[in-house]
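Note that the structure is a prediction, hence the values are computed from the model and not measured. Every chain is numbered from 1 and lettered A, B, ... according to where its sequence line falls, protein lines coming before strand lines.
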Amino acid sequence: MIEVSNLRKEYDGVVAVDGISFKVEKGEIFALLGPNGAGKTTTIKSILGLINYEGEIKIEGKEARSNEKEIKRKLGYLPEKVAFYDNLTAIQTLQFFAELKGLKNVDFMALLKEVGLEKDAERKVGGYSKGMLQRLGFAQCIMGSPSLLILDEPTTGLDAVGAYELREKIKRLNEEGVTILLSSHILSEVQELSHRVAIMNKGKIVAIDTVENLSKKFEVEPRLRVELQRPSDYILKLVKGIKSVKDVKADGNVLEILCPPSAKLSIINTIEEAGGKILDFKTVEPTLEEIFIKVVKENE
Amino acid sequence: MNEIVAIAKKEFMDNWRNKWVIAVSSIFVILTLVISYFGSGFGSGGVGWKDLDVTIAGMMTLVSILIPIIGLMLGYAAIVGEREKGSLELLLSYPVKREEVIAGKFIGLGAVMAMANFIGFGIAGIIIGINVKDVAWGDYFIFILSSILLGLVFISIALFFSSIFKKRSTAMGGAIFLWFLFEMIWDIVLAGILMAQYGIGKLSDPDFVAPSYYYIISLMNPVKAYSTLAALNISSISSNLGNLPSFVNTPFVLAILFAWMIVMLAGGYLIFKRKDL
Ligand SMILES: Nc1ncnc2c1ncn2[C@@H]1O[C@H](COP(=O)(O)OP(=O)(O)OP(=O)(O)O)[C@@H](O)[C@H]1O
Ligand SMILES: [Mg+2]
């Protein structure tokens, strides 16, 4: 769907994106993840032709700049900083953008209802709060059912419920076949939403894969969390002594044990045999945060 | 094409909603009526309604100062304002090319200018027409059309500054500078050059004819091109012309005015195209 090759962008002396290449496949949710200033927005703006860049970008096999109009008819974009026309109402705003896309018979009210702005439809956008602007921003980008959505930090400015609802909508649209490229620095969000992630740092892609594969690759493994009634140094030592256990951390009553899943049973047995009373235990999946920190640190 | 129309329509409606069209029209109505009734301050005929062509003569100077101001004010923020605010980024993520944004804004603002001129001068013309005997409608119509043309030139100049700068304030500075350049500096500098070349004695000779380059450079100033266009085509003010070389005719000054529009819009586009949002 999107094919970026050797993309490079320099802003008078500052290299914002430093020769990156990646592909977003049709039908997937692809996330650009990275700290502030990593080059996410710059990458997105290049794809949209909003800035000049070096390198090649293809969308649905077509060179992006020379097929700009055709591509943008089937694309929805939510900018990082959403801004509209203060003097227009939400309805007038959507009407204007619908006209630009050549859309007819759009049910603007239904669209606003979808993002929870139906009561503010006739209000001027100039009086909108940050979150309301973000909602309207989402409404305009899904208008006309585009086949590709590009969302630059879609949940910024939204309250918890709003962010949750938006994530659900993104998932639903994706299930309906929409390809989604999003950027974020909220790890849990990316982990929950995306099929594949490109981790960016200082203008480069430092890792790119599914969350699952990334955790394997960077050896961030699931952990066993065991809550004991009374932990002791003896138990700690015994657990550490089990062959396949890689690491044990004690935090109050909780032991966090880094081990392959096959070692779980022997760990539990060892603890019980040593007289330890287990109150609770569960497996904690690796988080993107761990991967992220590891990857970014390795590349510093 | 659809996109240009959509942008033009929005630009026009913005100025309709914020009462610009009405405000500018009202200024034109009041100005025309005041000048027609009271004269332009040079004692031309005393108090009482004057014929339209006399009115035109009284209005030329004021209009050639006012229309550029209105054109610049209408256009200077049209693009840079959206850029500063951030809405330009969203706009250009739609199937709209940068040249279409400029074209749409030009057409929309041009329509505001044209409408304000027609309504303003139209209403004033009708009121004057009811009160006087000989109505030179033809001349008056030419006057309105030339004023609109001047307005369009200054809208293009404003759009040029609006496309090339990152900040509203810089674009406004550019617009103000150009206004001073055309309304004051241009003539003074040219007069200075003539003075240096010929000396004051020769210049005050009534039969003195300036060299061709003087007319060409002088008419490059769109304000001068406008007043010459009007004088060439409106009999009551043709005495403003003085001695003119033969190449100065209507097509020549029209070409200058259109060249300004094209150069400003195209130049603005070429620079705007290379800008990052
Ligand atoms: N218009 C600009 N002019 C100059 N430098 C810029 C411009 N836009 C971005 N940069 C620089 O390019 C680099 C990448 O910025 P970019 O906005 O792409 O980062 P990001 O990953 O989107 O960050 P964030 O998470 O803060 O949104 C930064 O160093 C930034 O300062
Ligand atoms: Mg960003």
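- Residues satisfying the side-chain hydrogen bond (donor to acceptor under 3.5 Å, both in side chains) criterion with B:Ser36, sequence neighbours excluded, are B:Thr55.
- Per-residue counts of heavy-atom pairs under 4.5 Å with chain A were compared for B:Val5, B:Ile4, B:Ile7, B:Leu277; the largest is that of B:Leu277.
- Contact annotation for B:Leu88: neither backbone nor side-chain heavy atoms come within less than 4.5 Å of a heavy atom of chain A.
- Contacts between residues 63-73 of chain B and chain A, counted as heavy-atom pairs separated by less than 4.5 Å, involve no residue at all.
- Atom CZ of A:Phe108 sits in a crowded spot, with more than 12 heavy atoms from other residues, nucleotides or ligands closer than 6.0 Å.
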Check chain B and chain A for donor-acceptor pairs under 3.5 Å and report each one on its own line.
| from | atom 1 | to | atom 2 | distance (Å) |
| --- | --- | --- | --- | --- |
| B:Glu3 | OE1 | A:Lys69 | NZ | 3.4 |
| B:Lys9 | NZ | A:Glu99 | OE1 | 3.4 |
| B:Lys9 | NZ | A:Glu99 | OE2 | 2.8 |
| B:Asp14 | OD1 | A:Asn87 | ND2 | 2.9 |
| B:Glu82 | OE1 | A:Tyr85 | OH | 2.8 |
| B:Glu82 | OE2 | A:Tyr85 | OH | 3.3 |
| B:Lys85 | NZ | A:Phe84 | O | 2.9 |
| B:Lys85 | NZ | A:Asp86 | OD1 | 2.9 |
| B:Glu89 | OE2 | A:Tyr77 | OH | 2.5 |
| B:Leu92 | O | A:Lys72 | NZ | 2.8 |
| B:Tyr94 | OH | A:Gln140 | O | 3.3 |
| B:Tyr94 | OH | A:Gln140 | OE1 | 2.5 |
| B:Arg98 | NH2 | A:Leu50 | O | 3.0 |
| B:Glu100 | OE1 | A:Lys69 | NZ | 3.0 |
| B:Glu100 | OE2 | A:Lys69 | NZ | 2.5 |
| B:Arg274 | O | A:Asn52 | ND2 | 2.8 |
| B:Asp276 | OD1 | A:Lys9 | NZ | 3.3 |
| B:Asp276 | OD1 | A:Asn52 | N | 2.9 |
| B:Asp276 | OD1 | A:Asn52 | ND2 | 3.3 |
| B:Asp276 | OD2 | A:Lys9 | NZ | 2.6 |
| B:Leu277 | N | A:Leu50 | O | 3.1 |
| B:Leu277 | O | A:Lys45 | NZ | 2.8 |

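- Heavy-atom minimum distance, A:Ala83 versus B:Gly86: CB-C, 3.7 Å.
- Scanning both residues, B:Leu91 and A:Phe97, for their nearest heavy atoms gives CA-CE2, 4.3 Å.
- Between chain B and the options A:Leu100, A:Ile150, A:Leu88, A:Val82, heavy-atom pairs under 4.5 Å are most frequent for A:Leu100.
- B:Met220 CE: 12 or fewer foreign heavy atoms inside a 6.0 Å radius.
- Pairs passing the salt bridge (Lys or Arg N to Asp or Glu O under 4.0 Å) check and including a residue from residues 141-158 of chain B, sequence neighbours excluded, do not occur.
- Proximity to chain B is absent for every atom of A:Leu78, based on heavy atoms less than 4.5 angstrom apart.
- The environment of B:Phe118 atom CZ is dense: over 12 non-hydrogen atoms of other residues, nucleotides or ligands sit within 6.0 angstrom.
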